[in-house]
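First the structure, in the form of structure tokens, and then the observations on it.
Proteins get letters first, then strands, A, B, ... in listed order; numbering begins at 1 in each.
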Protein chains: 2
Amino acid sequence: MSDSDTSNSMPERKRGSGVKVVYDLLRDEILDLVLPPGSPIDEVQLAERFKMSRTPIREALVRLAGEGLIDTLPNRSTMVANINFLNLHTFFDALVLMYRVTTRLAAQHHRPEDLEVIRARQAEFAAAVRAQDALAMIATNAAFHSAIAEAGRNPYFTGLFNRLLDEGRRILRLYYQSYDDRLPQRFVDEHEEMIAVIAARDAEAADRLARAHAEQIVAQIQKLFARTGRLDLAL
Amino acid sequence: MSDSDTSNSMPERKRGSGVKVVYDLLRDEILDLVLPPGSPIDEVQLAERFKMSRTPIREALVRLAGEGLIDTLPNRSTMVANINFLNLHTFFDALVLMYRVTTRLAAQHHRPEDLEVIRARQAEFAAAVRAQDALAMIATNAAFHSAIAEAGRNPYFTGLFNRLLDEGRRILRLYYQSYDDRLPQRFVDEHEEMIAVIAARDAEAADRLARAHAEQIVAQIQKLFARTGRLDLAL
DNA sequence: TGTATTTTATTTGTCGACAAAAATCGCCTT
DNA sequence: AAGGCGATTTTTGTCGACAAATAAAATACA
């Protein structure tokens, strides 16, 4: 017999788990552009999809709205938040600065166990590059830098940085085709250098490397935008 | 007849307004330490206090939890988030950097109408100093710097900065008695200098002034902590 | 008397239903 | 035929109630 039956079927869900399930899944679908910006979010549709009441769905949506991933206009439809292409420099400014700050702090405050996590993330990123899996590259790259931020041990910075990395995932996901050139290997090498200076606790070098790394990524993204012709997505 | 009676009394509340009312009020009470850290939050108590169901209360609490103002442990009580005195340097690091970044960006990107808002906030702060109203000083000082951040026009930075300013309000509120010395007037003067360099679009000077201003505030807070004996509040 | 176990009580998470706002559709008037 | 007006439908916000999970109290036992 299969393992799907315990007593009757499997309608048993632990008490507080419903919201987290729908929150995590919706979040992933938004960040991976399975739900592209502007997609309408229907509460009852989600309710019957997850086989639960509207209440936990609603709570998940409130959380997502708090993070700016969905927009809710009162008494009216709620939809996936748009990516703001007009003020993209705003995003780049914040991204570059957070790259620098988090990497610098990681060099100053990391503990040995942090390095293991960072190296594990880097290995996953390198594997994604070898496999030429662009989707995995995007996700593992974000995870790598998020691990560095965690090692910096400043929750205010890690909170903001993770939000920026999420937004970056959505932007890169739009143009992930272009990841199939020789640039990813360069990113792998730069990541290795960053790990080295973090381990050496060289804050200045970490700052310099992070800045160069971030600005190269920004240049890459901007080149992609220029090539693809700015806006190919509905506002 | 009075204006309080339309039909029976005044149970009429507009449809989507309940959550905002609860959210705003609870937020203010938390930031002003009317609800000190660790205070239990009772849903049914709030429900009967605001004369509404638990549902909108719950949504407001989810929003507040998303901003880190309350802590919710699953299936168990929810309470006002504690101020993390152990990792206070973490807060100071973030605060100093955000002071610098937002002031620098304001010097670069502000528009004429921004300056009017900033000057208005500065006038309110100066009035609070003259009136020796410590509570008003704390609030108007935060509003002043928030206005500068808005002029910098980077929503990622303003979001983080506003959160830091909120946390700073709670910390300063703990020790607001010490505000009754001659330091506030110095803050007023420094604010004036900051406005001047922003208006002159001198980004480097803005950065320098903001850094000095922030570090002086940090030093002031740390002195307060040393004098008061570190921890006089329940963890 | 102290500790373990059962019982009660309190509080949270979830549900189904109802009511208010908009949007959509249909009808009427000009 | 075009546009305005009213009715219907759809979707959201709110409510009261119920059930699970945990804490507190009461009881049993050594």
So, taking the atom named OG1 in A:Thr102 and the one named CD in A:Glu150, what distance separates them when rounded to the nearest 0.5 Å? 10.5 Å
In Å, rounded to the nearest 0.5 Å, how long is the span from CD1 of A:Ile70 to CG of A:Leu35?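 Between A:Ile70 CD1 and A:Leu35 CG, I get 10.5 Å after rounding to 0.5 Å.
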Gap between atoms [atom1] and [atom2], on [X] and [N] respectively (whole Å):
| X | N | atom1 | atom2 | result |
| --- | --- | --- | --- | --- |
| B:Leu73 | D:dA21 | CG | P | 16 Å |
| A:Leu46 | D:dT12 | CG | C1' | 14 Å |
| A:Leu61 | D:dT11 | CG | P | 15 Å |
| B:Lys14 | C:dA19 | NZ | C1' | 18 Å |
| A:Arg76 | C:dA23 | CZ | P | 3 Å |
| B:Lys20 | D:dT14 | NZ | P | 14 Å |
| B:Asp42 | D:dA23 | CG | P | 16 Å |
| B:Glu59 | D:dT12 | CD | P | 13 Å |

Residue A:Gln222 excluded, over 12 heavy atoms near CD under 6.0 Å: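 Correct, the count exceeds 12.
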With a 4.0 Å cut-off, would you call B:Arg119 and B:Glu116 a salt bridge? no
Restricting both atoms to N or O, compile the protein contacts to nucleotides 15-19 of chain D shorter than 3.5 Å, with distance only.
residue: D:dC15; atom: OP2; partner: B:Ser53; partner atom: N; Å: 2.5

Mind checking ring pair (Phe, Tyr, Trp, His ring centres under 6.0 Å) for A:His191 and listing every partner two or more places apart, or none if nothing turns up?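 A:His191: ring pair (Phe, Tyr, Trp, His ring centres under 6.0 Å) contacts with A:Phe125, A:Phe144, A:His145, A:His213.
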Could you check A:Val19 against A:Pro74 and say which one's nearest nucleotide on DNA chain C is further toward the 5' end?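 Result of the comparison: A:Val19.
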If you look only at pairs with a residue in residues 29-39 of chain B, which of them pass as a side-chain hydrogen bond (donor to acceptor under 3.5 Å, both in side chains), with sequence neighbours excluded? B:Glu29-B:Arg49, B:Asp32-B:Arg169
